[in-house]
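For reference, the structure is listed below as structure tokens.
This structure is a prediction, so every number in the text was calculated from the model and none was measured.
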Amino acid sequence: MNPILSVTDLNISFLQDGVEFGAVNNISFQVNKGETVALVGESGSGKSVTALSTAALLGKSALVNGKITIDGNSVASNDERALQKLRGNQVSFIFQEPMTSLNPLHTIEQQLSETVSLHQNLNKERLRENCISLLEKVGITDIKLRLNAYPHQLSGGQRQRVMIAMAIANRPKILIADEPTTALDVTIQAQILNLLESLKKEFGMSMLFITHDLKIVRQIADRVCVMNAGRIVEQGTTDSIFEKPKHEYTKKLLKAISASGPKPISSNSKVILKSENAKVWFPVYQGFFKRTAGHIKALNAASFEVKKGETLGIVGESGSGKSTIALALMRLIEFEGKIYFDGNDIGSLKTRELRRIRSDMQIVFQDPFGSLSPRMTCTQIIAEGLEVHQSASFEDTQLLVDDVMREVGLDPKFKNRYPHEFSGGQRQRIAIARAMVLKPKLVILDEPTSALDRTVQFQIVKLLKQLQEKYGLAYIFISHDLAVIRAMSHRVLVMKQGDIVESGFAEQIFQDPKVSYTRDLMIAANS
């Protein structure tokens with residue numbers, strides 16, 4: 001059988017300060033027509049670098065040796081015309097971080113239209129119909145509003161679905177999906193996986209699926225390649241890998257299990273955060289004079305509290321209002337209602353007063369690459385808050401940076417690297433370190449483990465619990481991963497379309513949900 005994608009003796013390295021660092025070492029694999037091959041392994045194992053090399057997307061700093069063919073045609077990085085024809089028509093990508101892949105200056109319709117127009121000759125009316133059809137296929141709602149929206153106006157999950165629509169627009173022969181369901185809740189994740197599977201069958205499309213979620217691998221993959229430290233340590237059929245793994249690293253991945261729940265908090269713990277009927281509605285403008293034609297009701301009358309040392313988990317589908325709550329609590333967007341932090345009404349605080357308490361309330365965003373400055377080193381990123389809020393010496397600041405890097409599992413010897421030189425999971429740990437270095441009272445974590453493989457996810461969960469117990473930290477933990485929510489949370493809020501539809505202690509929510517929507521989430525998570 002002639003493979004759609006063939007990779008033979010691939011080696012990839014990068015030059016930094018005149019020193020060559022190996023990323024991928026002598027790997028070989030293939031993807032046949034109509035087949036799904038999963039590439040799995042921990043963050044930094046070389047999965048994404050391997051995927052990018054198949055369409056010569058690594059740039060001039062990468063040293064690539066080996067043979068790569070797509071449908072029998074050699075991929076040559078020096079033939080730009082052939083590469084332009086190859087990308088989109090024969091091979092297409094769904095990237096891990098959609099916010100960095102979508103153009104922030106163009107609407108969703110403009111970006112979808114450009115993707116289609118490069119390879120198909122359609123008139124304006126047909127082009128718009130095509131865009132609407134693509135968005136319908138990937139589960140975007142309120143399509144007419146979304147067509148004119150910019151990427152920053154969509155939730156993380158919605159952005160990722162737009163990326164998927166762009167990837168399938170020209171029906172490629174092979175789709176390379178790099179963590180395509182990372183930012184999606186469990187119900188939409190199942191829909192997207194079913195969509196990809198149906199497209200694969202309908203068009204005879206092949207798929208290289210890169211993920212750290214072994215549950216997804218077992219569901220969709222025909223064969224599996226396991227990567228560790230730049231090498232493929234084991235490959236075979238999905239059944240053989242899961243039922244009879246041979247390599248110790250593969251066995252380690254398969255044995256990664258959920259952590260136990262958090263320790264109970266003291267009965268007399270002080271309330272550190274309280275929300276009373278917090279509301280966030282975004283106006284929708286139309287016409288030349290930009291009149292308000294309606295509102296996107298992102299958050300409706302949210303009331304809850306968080307105590308010292310407690311973790312409040314927030315779950316719900318993409319666009320349900322989870323991240324809007326986080327931004328309102330930090331007063332990064334305007335809101336109605338009352339929000340109190342450590343006795344302060346943050347809605348009424350002046351800028352100087354608000355800045356004074358910023359060090360006590362920190363946030364870790366969903367998209368680490370978008371929240372880390374590409375022009376600052378790891379040290380500068382982590383130390384920035386210390387320089388603003390504390391007056392430590394340079395030497396003391398460096399020691400604090402080194403200590404917090406070790407706490408989150410990063411080697412301090414890499415502290416002078418820039419964000420693009422780290423994997424997605426490593427960047428997320430830098431974001432966590434930046435928040436933790438100030439020893440805050442409250443940390444809002446918006447999908448902090450979404451880009452991490454399962455083993456590292458629970459290392460981070462363990463770390464967060466240790467820091468919570470040591471310093472009495474309060475967490476608001478936002479996630480679509482119910483296993484992580486259960487491991488972290490004392491209490492849980494369930495959100496749908498801007499409303500809190502159910503709340504209670506974690507065990508009650510997981511074992512005896514009262515609302516049908518919550519039950520549907522649990523079923524989707526365990527299917």
Side-chain angles (χ1 to χ4, degrees), residues 55 57 70-71 80-95 97-178 180 183-184 188 191-192 194-196 198-205 207 282-298 318-319 370:
L57 291 172
I70 294 179
D71 200 22
E80 193 58 41
R81 181 173 293 182
L83 287 174
Q84 187 173 1
K85 186 176 180 181
L86 172 83
R87 298 164 184 159
N89 263 343
Q90 292 181 287
V91 58
S92 193
F93 282 79
I94 304 169
F95 291 105
E97 295 169 339
M99 191 60 178
T100 59
S101 304
L102 297 172
N103 190 323
L105 301 178
H106 290 174
T107 65
I108 299 307
E109 182 174 12
Q110 288 172 326
Q111 297 188 59
L112 272 172
S113 298
E114 181 183 19
T115 301
V116 175
S117 299
L118 284 172
H119 300 281
Q120 300 179 45
N121 186 20
L122 301 177
N123 61 38
K124 188 175 181 180
E125 184 178 345
R126 288 282 308 280
L127 193 58
R128 185 177 178 84
E129 290 174 357
N130 194 305
C131 291
I132 290 173
S133 175
L134 286 167
L135 292 179
E136 285 175 344
K137 281 189 175 183
V138 297
I140 295 288
T141 58
D142 297 325
I143 290 177
K144 290 186 178 179
L145 285 176
R146 303 305 181 193
L147 280 173
N148 295 319
Y150 292 87
H152 72 274
Q153 295 174 307
L154 304 182
S155 69
Q158 289 167 333
R159 287 193 291 264
Q160 206 145 5
R161 279 177 271 177
V162 171
M163 276 295 303
I164 292 170
M166 293 171 67
I168 64 174
N170 297 299
R171 300 180 181 180
K173 293 183 178 180
I174 181 165
L175 179 64
I176 298 180
D178 188 354
L184 302 180
I188 301 300
Q191 293 173 21
I192 293 299
N194 290 335
L195 169 65
L196 292 174
S198 66
L199 288 168
K200 190 185 82 165
K201 291 178 180 178
E202 183 178 353
F203 305 120
M205 187 171 65
M207 186 155 53
F282 297 105
V284 177
Y285 301 109
Q286 286 185 355
F288 181 79
F289 294 103
K290 301 295 183 182
R291 293 188 175 92
T292 301
H295 290 85
I296 296 174
K297 300 176 182 180
S318 299

* To do: For the pair F203 and I168, evaluate side-chain contact (heavy atoms from CB on, under 4.5 Å) and give the outcome as yes or no after the intermediate values.
  => CA-CA 11 Å; F203 305 120; I168 64 174; over 6 Å; no
Sequence neighbours excluded, the answer for side-chain hydrogen bond (donor to acceptor under 3.5 Å, both in side chains) partners of K200 is T36
Shortest non-hydrogen pair, L134 vs A165, comes out as CD2-O, 3.8 Å
**R171, CZ atom: more than 12 neighbouring heavy atoms under 6.0 Å** = no
Heavy-atom nearest pair, L154 first then V162, reads CD1-CG2, 3.9 Å
Open item on the list: Whether the side chain of N103 engages the backbone of L105 through a donor-acceptor N/O pair (distance < 3.5 Å, no angle test) should be reported.
Closed with: yes
By salt bridge (charged side-chain N to carboxylate O under 4.0 Å, His left out), R146 pairs with (sequence neighbours left out) none
The ring-ring contact (aromatic ring centres under 6.0 Å, His included) partners of H106 (sequence neighbours excluded) come to none
Going through the checks in order, is the side-chain contact (heavy atoms from CB on, under 4.5 Å) test met by L57 and R87? CA-CA 10 Å; L57 291 172; R87 298 164 184 159; 3.7 Å; yes
side-chain hydrogen bond (donor to acceptor under 3.5 Å, both in side chains) filter on Q90, not counting sequence neighbours, yields none
Heavy-atom closest pair (L112 atom, C131 atom, distance to 0.1 Å) is CB-SG, 3.7 Å
Note: M166 and L102 closest approach over all heavy atoms is SD-CD2, 3.6 Å
Check: So, does S92 use its side chain to make a donor-acceptor pair with the main chain of A167 at under 3.5 Å?
Finding: yes
Side chain to side chain contact (heavy atoms under 4.5 Å, CB included) filter on Q153, not counting sequence neighbours, yields A149, Y150
Checking D142, I140, N130 against L135 for side-chain contact (heavy atoms from CB on, under 4.5 Å), the one that qualifies is I140
The reported gap from CG in D71 to CD1 in I174 (rounded to nearest 0.5 angstrom) is 10.0 Å
Rounded to the nearest 0.5 angstrom, the CG-CD1 distance for L145 and I296 is 6.0 Å
Minimal heavy-atom distance between I143 and E136, with the atoms involved, is CD1-CG, 3.1 Å
For residues 117-128, the salt bridge (Lys or Arg N to Asp or Glu O under 4.0 Å) pairs (sequence neighbours left out) are E109-R128
So OG of S117 and CD of Q110: to nearest 0.5 Å the spacing works out to 11.5 Å
- Does T107 offer a backbone N or O that forms a donor-acceptor pair with the side chain of N148 under 3.5 Å? no
d(H295 NE2, F282 CZ) to nearest 0.5 Å is 11.0 Å
